[in-house]
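Here is the structure we will look at.
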Amino acid sequence: SIFADQKLDAVLYIGSIDEFSSSHNSNLLLSIKVFGEVMSSPFLKLVPKVLFLNKFDLFKQQLKEESGWSEFQKAFPDFELPNNISKIQQEEYINEAVKHITLKFKEAYTIKDNSIRCGSCIDSDVVGDVFEVICETYVEAALAFASLN
């Protein structure tokens, strides 16, 4: 394993949520699968983990395009969406779509909700929040490890 000889303080997994369409070869589905495989490594058992769902801005833009929702439903056929949604409802369903993607990542590997963030890496506030989560997750894991010894 690539982790066997490494000392890792934390793992930050970044998944691009805008890559759900067939034009991206459904890279998001592959990313979910790889996430589960990597995070399940026995070498990472005690390493704090953070999931960052990146490119939220592009995700929203893509869903608002003409074929956006149909492409999303091809990738995630179990996501329920009414036939005709208004522009007002669209924001609500975008958030539901993110929750659905988050659920798929959590099905691949159980990760705490407070260790998951969604946003865009070009937003400095989001990046700051992600690094804050990494620090909090690391401290939490260190305290848990200390209590075991």
Side-chain angles (χ1 to χ4, degrees), residues 1-3 6 8-83 85-144:
S1 171
I2 61 172
F3 309 115
Q6 305 295 320
L8 298 173
D9 293 323
V11 175
L12 170 61
Y13 190 92
I14 302 173
S16 298
I17 62 172
D18 69 319
E19 296 186 352
F20 59 84
S21 68
S22 56
S23 65
H24 286 102
N25 296 319
S26 297
N27 286 342
L28 178 56
L29 298 175
L30 178 60
S31 182
I32 292 168
K33 181 180 182 216
V34 170
F35 172 77
E37 291 172 2
V38 169
M39 296 302 183
S40 297
S41 168
F43 298 105
L44 298 178
K45 186 174 183 173
L46 298 176
V47 177
K49 300 162 188 74
V50 175
L51 171 62
F52 178 47
L53 303 176
N54 190 27
K55 299 186 180 180
F56 180 65
D57 54 336
L58 298 176
F59 177 72
K60 284 173 59 170
Q61 181 181 332
Q62 200 172 0
L63 284 178
K64 291 178 180 179
E65 292 173 4
E66 188 175 328
S67 63
W69 285 108
S70 63
E71 286 288 330
F72 187 79
Q73 287 190 291
K74 282 180 194 172
F76 299 100
D78 56 335
F79 181 76
E80 294 183 23
L81 182 72
N83 289 336
I85 60 171
S86 68
K87 294 225 183 256
I88 295 170
Q89 290 175 308
Q90 202 163 41
E91 287 300 319
E92 177 184 328
Y93 280 101
I94 288 171
N95 291 330
E96 290 301 314
V98 170
K99 287 179 188 175
H100 191 77
I101 292 169
T102 302
L103 178 66
K104 294 301 178 185
F105 273 97
K106 288 174 74 173
E107 286 174 357
Y109 179 83
T110 304
I111 188 167
K112 296 181 211 168
D113 287 336
N114 65 347
S115 296
I116 303 170
R117 289 294 182 272
C118 180
S120 176
C121 68
I122 61 173
D123 183 337
S124 60
D125 290 337
V126 170
V127 172
D129 185 44
V130 168
F131 280 102
E132 206 173 284
V133 170
I134 291 169
C135 291
E136 289 170 3
T137 305
Y138 178 76
V139 168
E140 184 180 296
L143 290 171

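All values derive from a computational prediction rather than experimental measurement.
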Side-chain touch Ile94/Glu91, heavy atoms, less than 4.5 angstrom: yes
Can you name the nearest heavy-atom pair linking Asp18 to Lys55, along with the distance? OD1-CD, 3.2 Å
Close side-chain approach of Val11 and Met39, heavy atoms under 4.5 Å: yes
When rounded to the nearest 0.5 Å, the distance separating CD1 of Ile134 from CG of Asp9 is 11.0 Å
Over all atoms of both residues, closest heavy-atom pair of Ser22 and Glu71: N-OE1, 2.9 Å
In Å, rounded to the nearest 0.5 Å, how long is the span from CG of Asn27 to CD1 of Ile32? 11.0 Å
Any idea how Phe76 and Phe72 line up, ring-wise: parallel (<30°), tilted (30 to 60°), or perpendicular (>60°)? tilted
Mind checking the NZ-OH spacing from Lys99 to Tyr93? Nearest 0.5 Å is all I need. 11.5 Å
When you compare the side chain of Cys118 with that of Ile17, does any pair of heavy atoms fall below 4.5 Å? yes
Ile116 vs Phe105 side-chain heavy atoms within contact, under 4.5 Å: no
Would you check if Asp78 and Lys104 make a side-chain contact, meaning some heavy-atom pair closer than 4.5 Å? yes
Has the side chain of Asn54 got a donor or acceptor atom that lies under 3.5 Å from a matching backbone atom of Cys121? yes
To the nearest 0.5 Å, atom OG of Ser120 lies from atom CG of Leu53 at 12.0 Å
All heavy atoms of Ile111 vs all of Lys106, minimum pair found to be O-CE, 3.5 Å
Specify the closest pair of heavy atoms between Val47 and Ala10, including all atoms of both residues, with the distance to one decimal. CG1-CA, 3.6 Å
Parallel, tilted or perpendicular, as decided by the 30° and 60° cut-offs, for the rings of His100 and Phe79: perpendicular
Measure across Ser67 and Ser70 and return the closest heavy-atom pair with its distance rounded to 0.1 Å. O-OG, 2.9 Å
Spatial distance of atom CZ (Arg117) from atom CD (Glu132) [nearest 0.5 Å]: 8.0 Å
Could you tell me whether the side chain of Val38 reaches within less than 4.5 Å of the side chain of Tyr109, counting heavy atoms only? no
So which atom in Ser115 and which in Thr137 form the shortest heavy-atom distance, rounded to 0.1 Å? OG-OG1, 3.6 Å
Would you say Glu66 has more than 12 foreign heavy atoms packed within less than 6.0 Å of its CD? no
Under a 3.5 Å threshold, yes or no: a donor from one side chain and an acceptor from the other, between Ser31 and Glu19? no
Could you check whether any side-chain heavy atom of Asp57 comes within less than 4.5 Å of a side-chain heavy atom of Asp123, counting everything from C-beta outward? no
